[in-house]
Amino acid sequence: MKIVTWNINGVKARIDVLLHWLEESQPDIVCLQEIKSVDEGFPRLEIEAMGYHIETHGQKGFNGVAILSKLRFDEVNRGLPGDDEDEQARFIEGVISTDGGVLRVVSLYLPNGNPITEDRKFGYKLRWMERLERWAAERLALEEPLVLAGDYNVIPQPIDARQPELWVNDALYQPESRGALRRLEYLGFTEAIRTVSDEQMFTFWDYQAGAWQKNNGIRIDHLLLSPEAANRLASASIEKHVRGWEKPSDHVPVAAELAFN
DNA sequence: ATGGTAGTCTCACTA
């Protein structure tokens, strides 16, 4: 069971790239972020023609998440609980039945949080992370295979940035952001990429200032596995080459293979 | 300190 997270930065502008990547990568489940589309605008026909079920949680212009799955959904929940005032589309959970039992998958787009001087940005990010931690603690109690996949907008460690000194005033690298991610992981999650390699790897290169050409990247897209999912982890990888394609997203797909039969 | 790029029912905002 190949599960992938990918911040696609606009699904309508990226549909040709997405279809080409699906053909090449052959994922079973794809968690997309920043679809930047309302649900009715999602280009579902072409993707369904490749055998995927699609569940979206979109909004106009910004944000928006989706899950594509070769297996059908038994249940779908939209929105992160804990704040009825929060109207940003950043969270969708799908429950899928496999031959090896139930699998719970989340596609999340954590707030960027910049600038750190504005509560409506950085405060919102930290409060969102508190809500995510509470939600995750509840779900872990189910003792099911659970994958929290997404753009976390957090650089976990200095090694996860080519030039960490450039990020010291950025919301993605604040001690509060990194501490909140660490607390989430310490509930009992295994981070897939760091389980298979200690090397420096990136998942995002800015469009600006030749970041890709200079390999000036950061690692902010993560797959967090519950113990029951981590037990099944066979491999994990970053599909870096996709950043070099025509009209790319600024993020690349991050994949984990779980044994599910 | 600035600007560099990309996407979106923008004429600004988000990243």
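We use all heavy atoms of the structure for the numbers below, so side chains are in, but hydrogens, waters and symmetry mates are not. By convention in this document, chain letters (A, B, ...) are assigned in the order of the sequence lines, proteins followed by strands, and residues within each chain are numbered from 1.
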- Message: Between B/dG7 and B/dT2, how many Å separate the two P atoms, rounded to a whole number?
- Response: 26 Å

- Query: Roughly how many Å is it from CG in A/D206 to C1' in B/dG4, rounded to a whole number?
  - Reply: 8 Å

- Query: Quick one: which of B/dT8, B/dG7, B/dA15 gets closest to the side chain of A/N9?
  - Reply: B/dG7

- Item | Salt bridge flag under 4.0 Å for residues A/E55 and A/R78 | yes

- With nearest nucleotides of DNA chain B determined for A/I35 and A/Q88 from heavy-atom distances, which residue corresponds to the more 5′ nucleotide? A/I35

- Query: What integer distance in Å separates A/L110:CG from B/dA15:C1'?
  - Reply: 14 Å

- Message: Using atom P in both nucleotides, what's the gap between B/dT5 and B/dA1 to the nearest angstrom?
- Response: 22 Å

- Item | Geometric cation-pi criterion A/K70 and A/Y52, 6.0 Å radius, 45° cone | yes

- Message: I need the CG-P distance between A/L166 and B/dG4, as an integer number of Å.
- Response: 18 Å

- With the side chain of A/Y207 defined as its heavy atoms from C-beta on, choose the nearest nucleotide among B/dA6, B/dT8, B/dG4. B/dA6

- Query: Just to confirm, is there a sub-4.0 Å distance from OP1 or OP2 of B/dT14 to any side-chain nitrogen or oxygen of A/R120?
  - Reply: yes

- Item | Euclidean distance for C1', B/dT10 against B/dA6 (whole angstrom) | 14 Å

- Message: Whole angstroms only, please: what is the CZ-P distance between A/R90 and B/dT14?
- Response: 11 Å

- Note on the structure: Rounded to whole Å, NE2 of A/H251 lies from C1' of B/dT14 at a distance of 12 Å

- Message: Rounded to whole Å, please give me the gap between CD1 in A/I8 and P in B/dG7.
- Response: 11 Å

- Note on the structure: Taken to the nearest whole Å, NZ/A/K121 to C1'/B/dC13 is 8 Å

- Message: When you measure from the side-chain N and O atoms of A/K247 to the phosphate of B/dG7, is any distance below 4.0 Å, counting only OP1 and OP2?
- Response: yes

- Query: When you compare B/dG4 with B/dA15, how far apart are their C1' atoms, in angstrom units rounded to a whole number?
  - Reply: 13 Å

- Query: Rounded to the nearest Å, what distance is computed from the CD1 atom of residue A/I218 to the C1' atom of nucleotide B/dA15?
  - Reply: 11 Å

- Query: Is the CD atom of A/E165 crowded by more than 12 outside heavy atoms at less than 6.0 Å?
  - Reply: yes

- Message: Check for me whether A/R162 meets the cation-pi criterion with A/F202, that is, NZ or CZ under 6.0 Å from the six-membered ring centre and within 45 degrees of the ring axis.
- Response: no

- Task: Just call it for A/Y109: base, sugar-phosphate, or nothing, with non-hydrogen atoms closer than 4.0 Å on any strand.
- Result: sugar-phosphate

- Message: Pick the closest DNA chain B nucleotide for A/V11 and for A/N112 by heavy atoms, then say which residue is nearer the 5' end.
- Response: A/V11

- Message: Can you confirm whether more than 12 heavy atoms, excluding those of A/D119, are under 6.0 Å from its CG atom?
- Response: yes

- Message: Less than 6.0 angstrom separating the ring centers of A/W21 and A/W6, yes or no?
- Response: yes

- Using a cut-off of strictly less than 4.0 Å, decide whether A/K36 has a side-chain nitrogen or oxygen near OP1 or OP2 of B/dA6. no

- Task: Tell me which nucleotide among B/dA15, B/dC9, B/dC13 gets nearest to the side chain of A/E34.
- Result: B/dA15

- Among B/dA15, B/dG7, B/dT8, find the nucleotide with the atom closest to the side chain of A/N63. B/dA15

